Amino acid sequence: MNQPRNTTGLPAPGRWRTAAVFLLFVAAAGGLAGRAFFLQILDHGVLTKRAQSQYMHTISVPANRGAIVDRNGRPLALSAPTQTVWAVPSALLKAKPTTLTQLAKRLKTSRSDLKKRLKAHQDSQFYYLKRQLSPFKASRIRKLKAPGVFFKRAYKRFYPAGPAAAQLVGLTDIDGKGVSGIELSANQTLAGKPGKRHVITNRPGQVVDELGYLTSPQSGHSVKLTLDERLQTIGYQALKQAVAKHQATSGALVVLNPQNGHLLALASVPSFNPNNRSSIAPAALHMRPATEVMEPGSSIKPILISGALQHNLWSLSKRIHTHGYWRLNSHLTIRDDENYGTEGLARILKKSSNIGAAHVGLTMGAKRVWQDYRQFGLGQTTDINFPGQRAGTLRPFTKWNRTDTATASYGYGVGVTPLQLARAYAAIANNGILPSLKLIEGQGGRTRAPAHRVISRQTAMTMRRLLKGVVQPGGTAVRAQLAHYAVAGKTGTARLVRNGKHTKKAHRAIFVGMAPAANPALVTLVMVNNPTRGSYFGGTVAAPVFKRVMREALHIMGVPPSPVKLAASGRKTVEVSG
Amino acid sequence: MIAAAVRAYTPRTQPDRLLLGALVAITLLGLVMVASASSAVAARETGNALYFFYRQSAYLLCGLAAGAVVFAIPVRAWAARPFLLLALALGLLAVVLLPSVGHTANGARRWIDLGLVSVQASEPARLLLILYLAGYAARRRRELVETWAGLIKPLLFVALAGVLLLLQPDFGALAVLAAITGLMFFIAGARLMHLLVVGALGATGLAIAMVSSPYRLARIISFVHPWAHANNTGFQLTQSLIAIGHGDLFGVGLGNSVQKLMYLPETHTDFLFAVYADEFGLLGTVVLLLLYLVVLWRGFVIARRALDSGAWFAGFAGYGLVSWLGLEAFINIGVNMGLLPTKGLTLPLMSYGGSSLVTVCVVCALILRIDAETRSPSTEASP
């Protein structure tokens with residue numbers, strides 16, 4: 001056969017040759033085992049560290065941001081889970097054209113646009129396709145299984161109260177950090193602590209395994225406000241309509257409980273929709289009750305007269321004679337809207353006589369007026385810790401001359417915020433004790449100025465009796481009168497400053513009041529800036545807002561109605577003075 | 001003819017149990033590791049994590065079928081037409097270079113596309129060349145041992161095959177072929193002086209070929225300083241070292257290697273061992289080395305028995321084939337552990353790939369056939 005057998009006559013090759021070859025193989029195996037020992041045992045630590053440094057990652061897990069709720073637990077700000085979709089552009093560009101088309105469709109764009117964006121970021125390893133996508137929409141994109149597309153959990157903030165409380169509640173930035181309002185001031189409480197997660201990733205960066213939490217995310221705490229969402233909405237709507245009706249530029253509204261200083265509504269117009277931030281005018285961002293410094297005009301008179309009564313510098317029976325104008329000096333002639341003749345404190349308040357107020361102020365003297373204003377908290381920031389809150393201006397009395405004292409008596413040359421003014425009225429409502437304002441519940445012990453007495457109970461009751469006259473027939477604010485509650489309050493119609501001078505052409509309409517007058521449960525301030533259509537007086541622009549808000553607020557707060565002597569005389573044109 | 005072949009083989013003895021056991025163990029380990037190491041890549045590229053596992057299983061069935069056919073053929077049939085073997089081998093290596101036939105992967109033209117499957121030409125070609133060399137050593141042993149010409153004549157064909165391999169280029173296959181040739185002639189009894197001179201010439205040629213090509217030079221440089229090039233040319237090797245070192249004594253457990261998650265390229269083919277070492281640790285490494293040593297040991301015993309019984313072709317073929325297996329295995333493991341520059345050689349019986357697996361199955365079948373024949377002399381028929 002063809003099988004080549006031992007036909008050469010040679011002996012079989014030597015055994016030593018095959019043995020040598022086999023030994024060579026054994027030696028090679030030994031060498032490999034040695035190398036394996038070196039790598040797997042001796043170098044294990046170093047190589048494992050290298051391995052872990054490339055596959056183990058620490059990922060930050062966002063914490064659920066706490067909610068902001070009103071005093072009844074109604075939500076004002078809530079976080080809902082969303083998905084962030086991002087891509088490695090170079091990887092996604094390799095996707096099938098149909099996949100890209102589908103993806104573009106679900107991202108609400110065109111394929112060419114998507115491609116253009118991806119190409120522009122081709123060198124980057126990270127590109128946001130869409131942020132704050134709803135979980136449902138994200139899952140639709142996930143189903144495409146497009147290469148290089150990744151998902152990250154995030155939260156989106158929703159504001160159920162909408163524009164009504166927009167400036168107060170504030171906003172968060174896209175990373176969930178508070179940037180204004182309560183969102184900013186209470187950020188630490190709300191934010192919680194993001195957790196850290198140890199994960200194993202594959203080379204493209206996808207998480208393939210969880211090694212567990214290094215620290216689990218701690219949800220933020222919710223923040224409960226003293227605010228009442230119902231009052232806030234009612235107040236905002238009423239204010240907004242008044243601003244629109246009178247073609248005013250802006251307005252502010254404060255409702256507070258004078259007994260404990262709890263702020264129940266803080267509205268600001270113009271406002272914005274915090275759930276749709278595409279167009280927010282800068283003017284809409286101001287939380288005017290805390291941030292607007294205004295000259296209070298006549299609405300300061302109850303503060304002045306409270307001080308005069310308290311310090312026995314003017315008695316209830318004291319009368320002065322006025323003539324409609326008073327030439328104080330070469331710089332200042334004080335005018336009333338008409339000649340009120342002989343008047344006491346009741347008539348000064350009821351008719352809002354500037355001449356009368358100036359007489360009272362000048363009698364008290366600059367120091368006394370300044371001290372009383374200061375006592376009532378004017379020109380000082382309130383206890384609430386609101387971002388952008390302003391202190392106002394109350395120049396030291398040592399710099400006041402006679403003119404300054406006279407004008408300060410009817411509310412010029414003094415800058416206060418609506419909050420400060422409402423709180424000062426709360427002292428009158430609260431039988432003489434100036435309450436410490438509160439916006440966030442459970443935040444005690446940090447007040448700058450705890451509640452303290454500024455006038456006696458007797459003085460406060462007297463003041464409320466006098467202020468009741470303002471809404472009575474013949475007073476400046478009959479339109480603030482409520483059917484079932486006695487109202488005490490005061491108007492203010494201040495001239496606005498234009499080009500450094502007070503102008504007769506632009507005004508601020510103010511009404512601050514309380515009800516029921518005998519034992520006030522609520523104090524409400526309404527301020528409307530520059531009403532240009534119809535009327536511009538505090539009694540005609542602001543007082544109706546007060547009435548509308550108070551009527552509902554007292555009802556909502558469960559304040560029992562008090563018998564009121566309704567004026568027999570009907571409506572007559574009301575004279576209002578500035 | 002088939003009937004004759006079937007008649008020719010009537011087993012009187014059990015096959016070598018140790019050899020068969022080691023081969024089965026390595027093969028099963030290989031299947032499991034292909035499934036484990038390729039899962040991430042397979043899931044990403046095909047959507048089916050077991051894609052490569054299924055294909056490898058199919059290849060294995062092909063390999064077993066081919067092995068069964070080869071096992072049924074008497075050994076002497078392979079020695080009958082030495083020049084047919086040679087022509088087939090060189091033909092394969094030449095045909096793959098034709099652009100219309102051979103197709104390119106990773107910059108080398110190594111594959112013949114047969115439609116359904118691709119065949120890596122160098123695998124069957126080297127098998128045929130080894131059989132040719134065994135036949136030459138058996139037929140012309142006196143010339144081989146006594147004359148220069150007897151040694152050099154077959155080497156000319158090997159050199160021709162070498163040139164064709166370099167044209168692909170497939171330097172690794174050439175290096176293995178050269179080593180096996182030297183080994184077989186050494187065992188056949190060639191004079192040491194002759195072998196040294198020819199070996200030195202061959203080594204010089206290989207060295208020149210190695211340094212002359214920029215990509216091979218880059219591989220060598222990154223092999224010497226892998227960590228300095230960890231982000232480019234040394235990436236594969238450093239990732240392999242990390243995987244192996246991560247394994248420790250007992251490994252991270254089957255399926256738990258992280259390195260296979262796209263960190264280490266070619267996990268299921270050339271760098272399967274790294275994933276194996278990561279998952280089974282030093283213990284697994286030693287077991288695998290021992291399994292290959294068992295194959296070598298039994299193979300050498302079988303080949304020696306053939307030589308002693310006077311079946312020289314079977315003996316030389318046995319030595320050549322089993323050495324080929326061992327050499328490829330150890331070189332592959334050495335490459336994985338950074339002892340040798342990256343070659344593109346597979347781990348026999350384990351790495352994913354049809355050409356390699358089927359060829360190795362045929363090699364094993366040949367060794368088992370040699371064993372069967374030498375232990376049952378009656379099947380030799382009448383001489």
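All values reported here derive from a predicted model rather than from experimental measurement. Lettering follows sequence order; numbering is per chain, from 1. These numbers come from the heavy atoms of this one structure, side chains and all, not from hydrogens, waters or symmetry mates.
Of all heavy-atom pairs between Ala29(A) and Leu293(B), the closest is CB-CD1, 3.6 Å. Here the closest non-hydrogen pair linking Arg304(B) and Arg15(A) is NH2-CA, 3.3 Å. The heavy-atom pair separating Leu307(B) from Pro13(A) by the smallest distance is CD1-CG, 3.8 Å. The heavy-atom pair separating Arg17(A) from Ile187(B) by the smallest distance is CD-O, 4.1 Å. Considering every non-hydrogen atom in both Ala33(A) and Leu282(B), the closest pair reads O-CD1, 4.3 Å.
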Could you tabulate the donor-acceptor pairs under 3.5 Å formed by side-chain atoms of residues 316-325 of chain B, not counting sequence neighbours?
from: Ser323(B); atom 1: OG; to: Tyr319(B); atom 2: O; distance (Å): 2.7
from: Trp324(B); atom 1: NE1; to: Glu328(B); atom 2: OE2; distance (Å): 3.3

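The candidate with the highest count of non-hydrogen atom pairs below 4.5 Å against chain A, out of Leu241(B), Thr238(B), Leu288(B), Ile333(B), is Leu241(B). Counting heavy-atom pairs under 4.5 Å between each of Gly281(B), Gly326(B), Gly334(B) and chain A puts Gly281(B) at the top. For chain A, the option among Leu289(B), Thr285(B), Asp248(B) with the highest count of heavy-atom pairs below 4.5 Å is Asp248(B). Residue with the most contacts toward chain A among Asp278(B), Leu290(B), Val286(B), Leu183(B): Leu183(B) (heavy-atom pairs, distance under 4.5 Å).
Surrounding NE2 of His221(A) are at most 12 heavy atoms belonging to other residues, nucleotides or ligands under 6.0 Å away.
Both the backbone and the side chain of Trp297(B) come within less than 4.5 Å of a heavy atom of chain A. Using a 4.5 Å cut-off between heavy atoms, Val46(A) makes no contact with chain B at all. For chain A, the nearby parts of Leu327(B) are the backbone and the side chain; heavy atoms of each come within less than 4.5 Å. Residue contact with chain A, scored on non-hydrogen atoms closer than 4.5 Å, involves the backbone and the side chain of Ala277(B) alike.
Taking CG of Leu47(A) as the start and CD of Gln239(B) as the end, the distance is 10.5 Å to the nearest 0.5 Å. Note that CZ of Arg35(A) is 11.0 Å distant from CG of Asn336(B), once rounded to the nearest 0.5 Å. The distance from the CG atom of Leu24(A) to the CZ atom of Phe186(B) is 9.0 Å, given to the nearest 0.5 Å.
Ring geometry, Phe300(B) versus Phe22(A): the interplanar angle falls from 30° to 60°, so the pair is classed tilted.
His44(A) contributes a side-chain N or O that, together with a main-chain N or O of Gly245(B), makes up a donor-acceptor pair within less than 3.5 Å.
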Worksheet item: Can Leu249(B) and Gln40(A) be said to form a side-chain contact (heavy atoms from CB on, under 4.5 Å), step by step?
Response: CA-CA 7 Å; Leu249(B) 185 55; Gln40(A) 303 195 275; over 6 Å; no
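Put simply, the residue from Gln52(A), Arg50(A), Lys49(A) that forms a side chain to side chain contact (heavy atoms under 4.5 Å, CB included) with Ile242(B) is Arg50(A).
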